[in-house]
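All values derive from a computational prediction rather than experimental measurement. Counting starts at 1 for both ligands and their atoms, following the listed order. FYI, side chains are in, hydrogens and waters are out, and symmetry mates aren't considered; it's all heavy atoms of this structure.
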Amino acid sequence: MPTFAYSTDDPASVRADVLVLPVTEGPEPGPGVREVRRLDLLGACAAAKLRGKLGESLLVPNPGVDGLAAASVLVLGLGPRAEVTTDTLRRAIGKVAPQLARHERVATTLPQAAGRNAEAAVQATVEGLLLGSYRFDRYKTGQGAEPPEKPALAHVTVLGSARWNARAMKEALTRGEIVSDAVAWARDLVNTPAIDCTPEYLAAQARTMAKEVGLECRIWSEAELKKGGFGGIIGVGQGSVNPPRLIELRYRGASASQPPVALTGKGVSFDSGGLSIKTAEGMEWMKADMGGAASILATMKAIARLRPRVNVIAAIPSAENMPGGSAIRPGDVLVHRNGKTSEVLNTDAEGRLILADALAYLAEQKPRVILDTATLTGACMVALGEEIWGVMGNDRRLTRDLVAAGEATGEPGWELPLWKRYRKLIDSEVADIKNVGKRYGGAITAALFLAEFVGDTPWAHLDIAGPAFAEKAGDYWPKGGTGVPVRTLVHYVLSQARPPRRRTS
Ligand code: BES
Ligand code: ZN
Ligand code: MN
């Protein structure tokens with residue numbers, strides 16, 4: 001990881017291999033253009049027909065640029081000035097991040113282009129740079145066609161305005177680093193093949209992380225889960241040779257009397273569909289079916305490092321959904337942690353079965369809210385596409401806060417209705433509830449299933465089947481795990497914390 005420094009020096013005087021200067025598009029010169037004009041780079045931009053569109057960039061070598069200390073300038077397009085948001089910054093620098101990572105020293109005035117919220121702009125700049133240069137090359141030996149590139153980036157200077165509160169900006173830099181590190185870890189976990197990323201591996205990763213950042217950690221073994229009545233986790237896991245686990249993490253940032261925020265995430269380490277087996281194509285991405293679990297582990301890591309004044313607990317169920325000889329069968333009935341029974345009519349609707357136990361367990365702890373994230377339904381992808389998560393819950397204010405947190409962090413989400421009249425679609429003839437409805441409204445019937453296990457605790461469910469992994473590279477992510485919705489969750493949890501004690505002096 002490079003080191004980040006905050007400075008209000010004159011950009012021209014900063015020694016760097018690359019100085020990144022933003023320009024906006026259109027006849028009106030936008031913020032950042034000031035330096036570009038002062039350094040007499042407008043001619044070079046015009047000659048290269050740079051228009052300032054988002055995604056455009058131009059590298060201008062120094063020789064010939066008067067009064068400039070940097071070895072080169074990267075002029076970075078942001079698109080129309082009126083449309084620039086913090087997410088624009090994240091995307092613009094994220095796109096050139098692989099190129100920037102080849103240099104040792106990078107400096108940028110980018111946050112100055114976003115105007116209103118300087119802290120968010122600084123954080124987004126750090127995130128774009130770090131997340132945009134993320135690569136998963138652990139399984140590349142260098143014997144393939146192209147050996148993986150080693151990043152050279154060591155020092156980043158973020159250049160802010162003298163009017164900004166320097167201490168707040170430094171905190172924003174740190175927040176950007178901590179959040180990006182957590183997101184990268186979530187991506188690593190999602191990208192790790194299921195042959196290695198088993199429930200036991202996830203638990204071991206959680207334990208190591210907890211030790212490193214100072215979280216309490218308890219791993220529930222298969223025997224303990226059986227004894228504890230976690231029939232959904234046991235049932236889904238029993239067709240696999242890799243036994244299931246429940247990962248429990250606790251962060252104490254406030255007094256014990258404060259009810260915690262409770263988190264859970266679907267940790268299906270591989271989803272073959274079980275006996276209701278998927279097609280070969282349908283399984284291609286199913287190592288990513290623990291994206292919800294990864295996002296909660298990463299959120300807990302970031303929270304532990306940011307130390308907000310709030311209590312947080314997580315209980316993350318993990319199982320491998322396989323069609324082995326001891327697998328559950330369509331028609332089987334499972335008894336969940338809260339005593340409710342579910343009839344499994346399709347073993348491929350397994351996520352809700354393991355989450356049911358975790359939700360019931362969390363509800364026992366009397367939390368202030370419960371959030372769950374899960375790559376739960378193809379139906380949610382049909383509704384909202386690959387980039388937007390769906391949120392459903394029993395508390396409109398909570399779902400609204402989560403949509404707002406997603407918007408603030410560049411991870412868009414949208415509410416779908418938890419429509420009570422559809423509850424009858426999951427009535428069972430033999431048990432309390434069945435695990436599938438009909439084809440239509442599949443994201444909603446899945447959420448209605450989960451709702452049965454939270455009691456009256458305010459609760460929201462994020463269906464991240466679309467955005468948890470990317471089938472194509474984007475502005476600041478390669479193909480594979482994206483780490484969504486870690487940024488949303490961290491933002492939400494921080495918003496629930498009491499403000500830090502005022503420091504005197
Ligand atoms: N893990 C899948 C959902 C999924 C599909 C996530 C594609 C990401 C991409 C989930 O376990 C599943 O199989 N859901 C079924 C539910 C159905 C059997 C009711 C689905 O969506 O088809
Ligand atoms: Zn699944
Ligand atoms: Mn499934």
From [options] - option closest to [atom] by heavy atom:
atom	options	answer
atom 9 (C) of ligand 1	Met283, Glu284, Lys278, Met286	Met286
atom 1 (N) of ligand 1	Asp289, Leu345, Val236, Leu353	Asp289
atom 6 (C) of ligand 1	Ala288, Ala379, Ala446, Ala465	Ala465

Minimum-distance protein heavy atom relative to [atom]:
atom	answer
atom 19 (C) of ligand 1	Val436 CG1, 3.3 Å
atom 14 (N) of ligand 1	Leu376 O, 3.4 Å
atom 2 (C) of ligand 1	Asp271 OD2, 3.6 Å
atom 15 (C) of ligand 1	Asp348 O, 4.1 Å
atom 20 (C) of ligand 1	Gly378 N, 3.9 Å

Any luck finding a side-chain donor-acceptor pair between Asp289 and Thr375 under 3.5 Å?
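Yes, because at least one side-chain N or O of Asp289 sits under 3.5 Å from a partner of the opposite role on Thr375.
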Quick one about Asn321 and Ser272 (side-chain donor to acceptor, distance below 3.5 Å, no hydrogens or angles considered), yes or no?
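No, no side-chain donor-acceptor pair sits under 3.5 Å.
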Checking the N or O distance criterion of under 3.5 Å, is ligand 1 in contact with Arg352?
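By distance alone, the answer is no.
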Return a yes/no value for Asn346: is any of its N or O atoms, backbone included, closer than 3.5 angstrom to an N or O of ligand 1?
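N/O-N/O distance below 3.5 Å does not exist for this pair.
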Taking only Lys NZ, Arg NE, NH1 and NH2, and the carboxylate oxygens of Asp or Glu, determine whether [X] and [Y] approach each other closer than 4.0 Å.
X	Y	result
Arg400	Glu415	no
Asp332	Arg329	yes
Glu149	Arg135	no
Glu248	Arg250	yes

N, O or S from Asp271 under 2.8 Å to the Mn ion (ligand 3):
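An N, O or S atom of Asp271 is closer than 2.8 Å to the Mn ion (ligand 3), so yes.
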Under 2.8 Å from the Zn ion (ligand 2), which protein N, O or S atoms do you find? Ignore water molecules.
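Checking every protein N, O and S atom gives Lys266 NZ, Asp271 OD2, Asp289 OD2, Glu350 OE2.
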Where the Mn ion (ligand 3) is the vertex, angle from Glu350 OE1 to Asp348 OD1 to 10°
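Taking the Mn ion (ligand 3) as the apex, the two atoms subtend 120°.
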How far does CG of Asn242 sit from CD1 of Ile195, to the nearest 0.5 angstrom?
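Output value for this atom pair is 9.5 Å.
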Thr347 side chain to Gly273 backbone, donor-acceptor under 3.5 Å
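Judged by distance alone, yes, a pair lies under 3.5 Å.
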Which one of Phe453, Phe230, Tyr361 satisfies the side chain to side chain contact (heavy atoms under 4.5 Å, CB included) criterion with His336?
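In the set Phe453, Phe230, Tyr361, the residue that makes a side chain to side chain contact (heavy atoms under 4.5 Å, CB included) with His336 is Phe453.
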Within 6.0 Å of CD in Glu407, more than 12 heavy atoms from elsewhere:
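Count not over threshold, so no.
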Set out, in order, the CA-CA distance, both residues' side-chain angles and the distance that settles salt bridge (Lys or Arg N to Asp or Glu O under 4.0 Å) for Lys434 and Glu429, then state yes or no.
CA-CA 8 Å; Lys434 63 181 180 181; Glu429 296 291 321; over 6 Å; no
Parallel, tilted or perpendicular: which one describes the rings of Tyr422 and Trp419, with boundaries at 30° and 60°?
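Rings of Tyr422 and Trp419: perpendicular, over 60°.
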Relative to each other, are the rings of Trp285 and Phe469 parallel, tilted or perpendicular (30° and 60° limits)?
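Parallel: the ring planes of Trp285 and Phe469 meet at under 30°.
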Can you list the atoms of ligand 1 that are under 4.0 Å from a heavy atom of Glu350?
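Contacts of ligand 1 toward Glu350, numbered from 1: 11 (O).
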If the cut-off is 4.0 Å to any non-hydrogen atom of Thr375, which atoms of ligand 1 fall inside it?
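By the 4.0 Å cutoff, the relevant atoms are 1 (N), 2 (C), 3 (C), 6 (C).
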Does the protein place any heavy atom closer than 4.0 Å to atom 22 (O) of ligand 1?
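There is no protein heavy atom less than 4.0 Å from atom 22 (O) of ligand 1.
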